[in-house]
**Q** 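Shown below is the structure under consideration.
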Amino acid sequence: MSSPPTQQKEGSATSAPPSTDTKPKKKICCACPETKKLRDECIVQHGEDACTKWIEAHKICLRSEGFNV
């Protein structure tokens, strides 16, 4: 019975490296905290339309981290 879990782990390990190479190392919520904070504060205080500078800066940062935004 210990053979099936080993086979599943091997299958998962085999499929994991290709997806790891294409995916960012961090979760999107944890990436670019500095620009995220500035963007969020601006939107709360001034509204989304007035904060395109910070929104774009955050998108640039996220793209540099490997996210497709």
Side-chain angles (χ1 to χ4, degrees):
M1 289 192 118
S2 53
S3 295
T6 305
Q7 290 174 347
Q8 287 177 346
K9 288 180 184 176
E10 287 174 4
S12 298
T14 305
S15 62
S19 62
T20 306
D21 293 340
T22 58
K23 289 185 180 179
K25 294 179 182 178
K26 300 177 185 176
K27 293 182 180 180
I28 196 164
C29 63
C30 301
C32 304
E34 300 86 13
T35 56
K36 181 180 178 181
K37 180 180 177 182
L38 291 170
R39 178 204 64 181
D40 292 350
E41 287 177 358
C42 182
I43 291 172
V44 168
Q45 293 176 4
H46 306 288
E48 189 173 336
D49 292 338
C51 300
T52 54
K53 172 185 170 181
W54 299 115
I55 293 168
E56 288 304 312
H58 187 57
K59 286 182 181 179
I60 290 168
C61 182
L62 291 174
R63 288 181 189 125
S64 73
E65 293 285 335
F67 293 99
N68 187 19
V69 291

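These numbers come from a predicted model, not from an experiment.
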**Q** Taking the hydrophobic residues Ile, Leu, Val, Met, Phe, Trp and Tyr, and joining any pair whose side-chain heavy atoms are under 4.5 Å apart, which ones share a cluster with Phe67?
**A** Ile28, Leu62, Val69
**Q** For Ile60, what are the other residues in its hydrophobic cluster, where any two members join if their side-chain heavy atoms are less than 4.5 angstrom apart?
**A** none
**Q** Looking at every heavy atom in both Ala31 and Glu65, which two are closest together, and how far apart are they?
**A** CB-CG, 4.3 Å
**Q** Please round to the nearest 0.5 Å and tell me the distance separating atom CD1 of Ile43 and atom OG1 of Thr52.
**A**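 Here the interatomic distance stands at 10.0 Å.
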**Q** Of all the heavy-atom pairs spanning Cys42 and Ala50, show the shortest one and how long it is.
**A**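 For Cys42 and Ala50, the tightest heavy-atom pair comes out as SG-O, 4.2 Å.
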**Q** At their closest point, which heavy atom of Cys61 faces which heavy atom of Ser64, and how far apart are they?
**A**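 Taking Cys61 first and Ser64 second, the nearest heavy atoms are O-OG, 2.6 Å.
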**Q** Can you list everything that forms a side-chain contact (heavy atoms from CB on, under 4.5 Å) with Leu38? Sequence neighbours excluded, please.
**A**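 Partners of Leu38 under the side-chain contact (heavy atoms from CB on, under 4.5 Å) test: Trp54.
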**Q** Identify the two heavy atoms, one from His46 and one from Cys51, that lie closest to each other, and give their separation to 0.1 Å.
**A**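 Looks like CB-SG, 4.2 Å.
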**Q** Determine which pairs satisfy salt bridge (charged side-chain N to carboxylate O under 4.0 Å, His left out) with at least one residue from residues 36-57, sequence neighbours left out, and list them in order.
**A**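 Qualifying pairs, neighbours excluded: Glu56-Lys59.
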